[in-house]
Peer 1: 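Sharing a structure, written as C-alpha cells. Questions coming.
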Amino acid sequence: MKRKTGVDFWSKLFLVAIASIGYITVYSQQQKNAAQQKPNVIFIYADDLGYGDLSCYGATKIKTPNLDKLAAQGIRFTNGHCTSSTCTPSRYALMTGQYPWRKSGTGVLPGDAALIIPTDKTTLPKIFKNAGYTTGIVGKWHLGLGNEVAKSWNGVIKPGPNEVGFDYSFIFPATADRVPTVFIENHIVVALDTADPIAVDYKQKIGNEPTGKENPELLKLKATPGHGHENTIVNGIGRIGFMTGGKIARWTDEEMPLTFLQKAKEYIEFNKKPPFFLYYALTEPHVPRMPSTIFKGKSGLGLRGDAILQLDWAVGEIMKQVKAAGIEKNTIIIFSSDNGPVLDDGYLDGAVTQLNGHTPWGPLRGGKYSVLEAGTRVPFIVNWPGKLQSKVSDAMISQIDFIASFAKMFNQEVPASEAFDSENILDALLGKTNKGRTVLVEHSSGLAIIKDGWKYIEPNNGPANTNPKLTNIETGNLPTPQLYNLKDDIGEKNNLAEKYPEIIKELQDLLQQIKTKKTGEK
Ligand code: NG6
Ligand code: CA
C-alpha cells in the first residue's frame, strides 16, 4: 500500500511536472510567437525639430549621439514627412489618417479647445487596440479636450485621448506656451486642489495674477515684442491665454519634460509584456525653451540648442529603458517631428542671436509655417534591433500612413470611409523597399503636391514671408504657380513653372482630384 501510494504520488508529481513543463513550453512559445508577431511600438514625436537639427541629418554645430545611434542601427529616411507645417494639423493627420485641410477647425488650437478627433472613427491607437495592444500617450496632446470650450478643469475632463483609443494618458493639453500649464492624467489634472480651482480664458483676463504685458519685470524669459506670449505669467514666463488657480498643479518648465520622460519609462516598465503602443510626444524644442539646468548653456547655441540636447538625451533614456526591460529586439522605435524648425517663435531665448552657423532646416528652404520643404520634411527614423537592415532610405513616406501601414501589419481592414488618405507603406517603413508613396500633398497656409520628384505649389495670395521681425520664414506663398524638381533641386531654388506647363497641368489635375475625393474612394 505504502509503496503503491508512493508510486502514485511520484507518478502524479511526474505527470504534473511534465504537464507544467509542457504548459510552460507552450505558454512561452505562445508568448514568443505573440512577441515575434506583434512588436511593441514606441513613437517619439518631437515638436518643431527641423530636418537639419540632428547630427545624423548633417548638423555639425550640435551633436545628437543618441538619435545618431538610433538612425545608424535602423533606417534613416531622407524623404519623411508630417502633413502640415504646424502642430495640430499634423497631429490630427497622425491620429485620423485624413488630411487636416479637408476639415475646418484643425489649425493650431488654443489651450481650451474642444476635442477635434472623432471618438467613433478609426484612429491610430485603435488600430493597435484592435490588435490586442495596450496603448498609452505621454506628452503633448494639442487636439482639444472635452465637448466644450467653456469646460471645467476641476473634475473629469473628457472626451480626450482616452476616448480616442489610449488606455492610458499623461498629457498637457496644448503647447508649452499655452495655458493651462498643468498635466492631466486619465481625465484629471495632476495635483488638482479643489480649494484652488483652475479657470482658463483665451478672450479676456481673469483673476488678478500678473501678465507679461503688465509686469514684464517679472519675466525670466522675455517675450519678443509684438508676439502673443504676454498673458498670464507662469514660472516667470508669459503664456498665451489667461489662467487662475491650480497653483500647486502648475508645472515648472525645467522639470516638465523630465516628468514626461519618467512617465514614459514607467509605462514601458509596467507594460513590458508585449505588446504595447506608446506615443511619447516631446515638447522640445518648441517654445518656451526652458530645459533643465543640466542642459542650460551646454550646446553653445542658446536655449533652443540646449533643448535639442535634452531631447536627444531623453531618446537615449528611452532606448536604455527598452534594453533594461529586455524587450529591445521586439520593440520598434520610430522618431519624427510634427513640423519644421523656427528660431524666434515668440521669446528672446538666443535661438537667433546664438545660432552660430547652425542650420536647423538643413539644405531645405522654408521652415515652420511654410509649404516649402523645410515645413514638412522632417527627421524620420525607424529602429528595430536585429529585425531591420540598417540603411538610408529615400522612400517618400508620411506620418499619415501609420494607420494603413500598421493595419496591414495586423491584417486589419479599415472602413473605406475612414483614414482614407492613409496609405500602406509598411514595406518602406521596414526598409524592405525604397518605394513609398507616389503622391503626397504638403500643407501650410497653401497646398503643394509632389509626384515623381516634381513639386507643384498652388498659387496663394498669402504673404510670401512671415513677420520679418519675428519668425521670419519664407512661407512659399506666391500668386503664381511654382514648380520645383526636388531630385536636382532639394533647396527649391529654380522655379520651372514656365518651362513645364504640361507637368503643372498634370499636378493641378491630380491635386484637384485629391481635394474633391469622396470619402471611401481609396
Ligand atoms: C503660434 C504662436 C507660436 C506657437 C505656435 C504653435 C504666437 C504669435 N505664436 O500662434 O509661439 O505657439 O502658434 O506651434 O503666439 S505648434 O508647433 O504647436 O503648431
Ligand atoms: Ca510643432
Side-chain angles (χ1 to χ4, degrees), residues 44-51 53 81-95 100-101 105-113 116 139-144 171-181 202-203 211-213 221-232 234 237-242 253 257 279 281-290 303-304 307-308 311 335-349 351-352 360-361 366-371 374-379 399 443-445 463 466-473 475:
I44 308 178
Y45 210 21
D47 194 359
D48 296 4
L49 188 75
Y51 190 78
D53 267 327
H81 295 255
C82 48
T83 59
S84 312
S85 66
T86 50
C87 178
T88 301
S90 285
R91 286 162 204 252
Y92 175 87
L94 173 75
M95 285 294 126
W101 43 264
T106 55
V108 176
L109 290 178
D112 58 354
I116 60 167
K140 167 172 173 166
W141 176 236
H142 211 184
L143 292 166
I171 57 162
F172 69 52
T175 58
D177 55 348
R178 282 171 174 75
V179 299
T181 51
Y202 271 75
K203 293 207 177 81
T211 63
K213 192 169 188 176
L221 185 63
K222 297 256 177 295
T224 313
H227 239 274
H229 300 107
E230 35 189 27
N231 302 153
T232 305
V234 179
I237 300 172
R239 314 281 164 163
I240 305 177
F242 301 94
D253 301 79
Y279 171 28
L282 306 168
T283 183
E284 300 101 319
H286 194 280
V287 295
R289 296 151 188 149
M290 191 49 64
L303 292 167
R304 183 175 186 276
I308 293 173
L311 169 163
F335 176 87
S336 198
S337 175
D338 69 339
N339 54 252
V342 54
L343 297 176
D344 182 346
D345 210 10
Y347 297 97
L348 295 170
D349 57 12
V352 176
W361 43 86
K368 186 176 181 175
Y369 311 116
S370 176
V371 80
T376 56
R377 193 189 287 225
V378 284
Q399 294 151 13
H443 168 226
S444 187
S445 47
T466 60
N467 187 339
K469 288 203 182 121
L470 302 165
T471 44
N472 192 23
I473 292 169
T475 57

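First listed ligand is number 1; within each ligand, the first listed atom is number 1. The figures that follow rest on heavy atoms only: side chains count, while hydrogens, waters and symmetry mates do not.
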Peer 1: Compare all side-chain heavy atoms of Phe335 with those of Leu49 and state whether any distance is below 4.5 angstrom.
Peer 2: yes
Peer 1: As a test of understanding, state which of His443, Lys368, His81 forms a side-chain contact (heavy atoms from CB on, under 4.5 Å) with Thr376.
Peer 2: His81
Peer 1: For ligand 1, is Gly346 a contact, meaning one of its heavy atoms is under 4.0 Å away?
Peer 2: no
Peer 1: For the side-chain contact (heavy atoms from CB on, under 4.5 Å) test, which of Asp177, Asp345, Ile240, Asn467 pairs with His227?
Peer 2: Asp345
Peer 1: Is Tyr369 touching ligand 1 with its side chain, its backbone, both, or neither, if touching means heavy atoms under 4.0 Å apart?
Peer 2: side chain
Peer 1: In ligand 1, which numbered atoms sit nearer than 4.0 Å to a non-hydrogen atom of Asp177?
Peer 2: 3 (C), 4 (C), 11 (O), 12 (O)
Peer 1: Please determine whether the number of non-hydrogen atoms from other residues, nucleotides or ligands lying under 6.0 Å from atom NZ of Lys222 exceeds 12.
Peer 2: yes
Peer 1: Applying a heavy-atom cut-off of 4.0 Å, say which part of Arg239 lies close to ligand 1: side chain, backbone, both or neither.
Peer 2: neither
Peer 1: Can you give me the closest heavy-atom contact between Ala351 and Leu343, atom names plus distance?
Peer 2: CB-O, 3.6 Å
Peer 1: Taking the side chain as everything from C-beta on, heavy atoms only, tell me whether Gln399 gets closer than 4.5 Å to Tyr45.
Peer 2: yes
Peer 1: Passes salt bridge (charged side-chain N to carboxylate O under 4.0 Å, His left out), Asp47 versus Arg289? Steps please.
Peer 2: CA-CA 11 Å; Asp47 194 359; Arg289 296 151 188 149; over 6 Å; no
Peer 1: Show me which atoms of ligand 1 lie under 4.0 Å from any heavy atom of His142.
Peer 2: 18 (O)
Peer 1: Judged on heavy-atom distance to atom 15 (O) of ligand 1, which of Asp47, Ile240, Thr88 sits nearest?
Peer 2: Ile240
Peer 1: Nearest heavy atom to atom 4 (C) of ligand 1: which of Asp48, Asn231, Asp345, Leu109 does it belong to?
Peer 2: Asp345
Peer 1: Minimum distance, heavy atoms only, to atom 10 (O) of ligand 1: which one of Arg178, His227, His229 is it?
Peer 2: Arg178
Peer 1: Minimum heavy-atom separation for Tyr92 to Leu143, with atom names?
Peer 2: N-CD2, 3.6 Å
Peer 1: Quick check: Thr86 and ligand 1, any N/O pair under 3.5 Å apart?
Peer 2: no
Peer 1: Within the 4.0 Å heavy-atom shell around Asn339, which atoms of ligand 1 are there?
Peer 2: 17 (O)
Peer 1: Could you go through the salt bridge (charged side-chain N to carboxylate O under 4.0 Å, His left out) check for Asp53 and Arg304 one step at a time?
Peer 2: CA-CA 10 Å; Asp53 267 327; Arg304 183 175 186 276; 2.6 Å; yes
Peer 1: Can an N, O or S atom be found in Ser337 less than 3.0 Å away from the Ca ion (ligand 2)?
Peer 2: no
Peer 1: How close do Thr106 and Thr88 get, heavy atom to heavy atom, and via which atoms?
Peer 2: O-CG2, 3.6 Å
Peer 1: Below 3.5 angstrom, do we get any N/O pair linking Thr175 and ligand 1?
Peer 2: no
Peer 1: Mark up the atoms of ligand 1 that fall under 4.0 Å of a heavy atom belonging to Val108, in ascending order.
Peer 2: 6 (C), 13 (O), 19 (O)
Peer 1: For ligand 1, which atoms sit closer than 4.0 Å to a heavy atom of Lys140?
Peer 2: 18 (O)
Peer 1: For N/O/S atoms only: which one belongs to Asp48 and is nearest the Ca ion (ligand 2)?
Peer 2: OD1
Peer 1: Is a side-chain N or O of Ser337 found less than 3.5 angstrom from the main chain of Val378, in a donor-acceptor match?
Peer 2: no
Peer 1: Give the residue, atom name and distance (to 0.1 Å) of the protein heavy atom nearest atom 18 (O) of ligand 1.
Peer 2: Cys87 CB, 3.0 Å
Peer 1: What's the spacing between Arg91 CZ and Trp141 CH2 if we round to 0.5 Å?
Peer 2: 10.0 Å
Peer 1: What is the OD2(Asp338)-the Ca ion (ligand 2)-OD1(Asp47) angle, to the nearest 10 degrees?
Peer 2: 80°
Peer 1: Number the atoms of ligand 1 from 1 as they appear, then name those within less than 4.0 Å of a heavy atom of Gly228, with their elements.
Peer 2: 8 (C), 15 (O)
Peer 1: Around atom 14 (O) of ligand 1, find the nearest protein heavy atom and jot down its residue, atom name and distance.
Peer 2: Lys368 NZ, 2.7 Å
